[in-house]
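All values derive from a computational prediction rather than experimental measurement.
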Amino acid sequence: MTLDPTAAPPAPVRRIDADDLPPWPQHDHTERAALDRVLAQGQWWRAAGTENEDFEREFAAYNGAPRALAVTNGTAALELALRLHGIGPGDEVVVPAFTFISTSLAVQNVGAIPVPADVDPETYCLTPEAVRAALTPAARAVIPVHMAGHLADMHGLGDLAAEHGLALIQDAAHAQGGVWDGTPVGAFPTVACYSFQNGKLMTAGEGGALTLPDEKTYEQAYLMHTCGRPRGDTTYQHMTGGSNYRVSEFTAAILRAQLARLAAQTRIREQRAALLDALLADVPGLRLQARDPRMDVNPHYMYLVALDPSAGRAGRDALVEGLKAAGVPACVNFPPVYRTASFQAGPVPTTPVPELAERCAVAEDLGAHGLWIHHRVLLAEPPVVERVATVVAALAARATDAVVTR
């Protein structure tokens, strides 16, 4: 990108004060009471306490699932889901090219090969068509990511998975409480994986969970998440492979408190996201993540925007830095997974990176020109959201106007 030396100086951008935005993570006396409850219980691990089981029951109900299982983090949830389906060395798993690295890393951690596929240019989610184009005879599973809370087409992907005998595993790290075409995220007949890392919609600093479609799958997952030991075991009966993915009673208690306020927060985020969409819809050079009409409830993990490619990567980077300087919490988008050293360090497909990049043009665009705004902005009062929109529009104009017309 080349700057135009004749351009008018940019108008000053009014900063968003720290007190204008709700803090994150949010907590109050509910979390403190939860921690006190565990202390008083006198048993801090799940085998002897009750908080894990209570959280799992409440989380399953919230997401419309038959069962849920708490685990150490979202990456561990994905790994456990893959192991549940017997995915291992030599198997291929189709993943979105545009996602956080854990989606592909979990595949590599079980010895399998992640095969990146492109995402929809409007919703940024994996599509049945993209998965079909990426399939080879070695394909055993597909992991759609519900990007920023927007669910992928689970009906279409479910039909494709059934047609080709593929395991379908949802990466729902962003999508607690999401509803697609009348179906809650946990009610689809597949394993779904969630994250409770510090920035997520509900958090204990770290943590994760799986929702499971039936009792048999839950019991197998339970065994595998606790080194193969059944409940009440005192004679070291390691009945299956697995690892220690258990979380403490403290983590589960905090997550119960976080879950209790999530529905109300989701309603606010839906309202504020619609407001921000309306305010930014006509900003020149700015593109917003679209919403499929089948998306009934989007919990909005983050607010995604992208600059026109003419502004270049430098324009996007300048926009992000400008937003942060103006008090708006923002970050550049994930790079395509195949452009990371982490991806290249594990089992990889034989397709060279230039060819993957050609196949994944949307992921390339989003990685170079996209950014996200933290979801706590969507918990702010409407006048603050309006000021955020003014800041975004002004800085986007500054970034795009700086490009010399060729």
Which is it for D28 and T30 under the side chain to side chain donor-acceptor pair (under 3.5 Å) test, yes or no, and what are the steps along the way?
-> CA-CA 5 Å; D28 58 20; T30 314; 2.7 Å; yes

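- Taking the side chain as every heavy atom from C-beta outward, V107 and V95 approach each other to under 4.5 Å.
- What you find for Q197 and T203 is that their closest heavy atoms are O-OG1, 3.0 Å.
- The side chain to side chain donor-acceptor pair (under 3.5 Å) test with T50 is passed by exactly one of R37, Q41, E249, Q43: Q41.
- Closest heavy-atom contact between A380 and L21: CB-CD2, 4.0 Å.
- Between atom CD1 of residue I373 and atom CG of residue L378 there is a gap of 8.5 Å, rounded to the nearest 0.5 Å.
- In this structure, the side chains of V385 and E381 stay at 4.5 Å or more apart for every pair of heavy atoms.
- Here D153 contributes atom CG and T127 contributes atom OG1; the two are 8.5 Å apart, rounded to the nearest 0.5 Å.
- In this structure, Y301 has its ring center under 6.0 Å from that of H174.
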Check against side chain to side chain donor-acceptor pair (under 3.5 Å), N73 and E206 | CA-CA 6 Å; N73 53 64; E206 288 288 358; 5.3 Å; no

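- Looking at D292 and R294, a side-chain N of the basic residue comes within less than 4.0 Å of a carboxylate O on the acidic one, giving a salt bridge.
- T400 places none of its side-chain heavy atoms less than 4.5 Å from the side chain of P284.
- Residues satisfying the side chain to side chain contact (heavy atoms under 4.5 Å, CB included) criterion with A97, sequence neighbours excluded, are P116, Y338, C360, A363.
- Shortest non-hydrogen contact noted between L105 and S342 is CD1-OG, 3.6 Å.
- Pairs of residues two or more places apart, or lying in two chains, that qualify as side-chain hydrogen bond (donor to acceptor under 3.5 Å, both in side chains) and include a residue from residues 351-361 are E355-R359.
- Here the CZ atom belonging to R316 is positioned 10.5 Å from the CD atom belonging to E321, to the nearest 0.5 angstrom.
- Listed by chain and number, the residues in a ring-ring contact (aromatic ring centres under 6.0 Å, His included) with Y303 amount to none (sequence neighbours excluded).
- In terms of heavy-atom proximity, M147 sits nearest to Q289 at O-NE2, 3.2 Å.
- Atom CG of L259 and atom CE of M202 lie 4.5 Å apart (nearest 0.5 Å).
- A centroid separation of less than 6.0 Å is found between the aromatic rings of F59 and F196.
- Note on R46 versus E56: salt bridge recorded, some NZ/NE/NH1/NH2 to OD/OE distance being below 4.0 Å.
- Atom OG of residue S248 and atom CG of residue N52 lie 7.5 Å apart, to the nearest 0.5 angstrom.
- Note that CD of Q170 and CH2 of W180 are 11.5 Å apart. Values are rounded to the nearest 0.5 Å.
- Classified by interplanar angle (parallel below 30°, tilted 30° to 60°, perpendicular above 60°), the ring pair W24/H375 is perpendicular.
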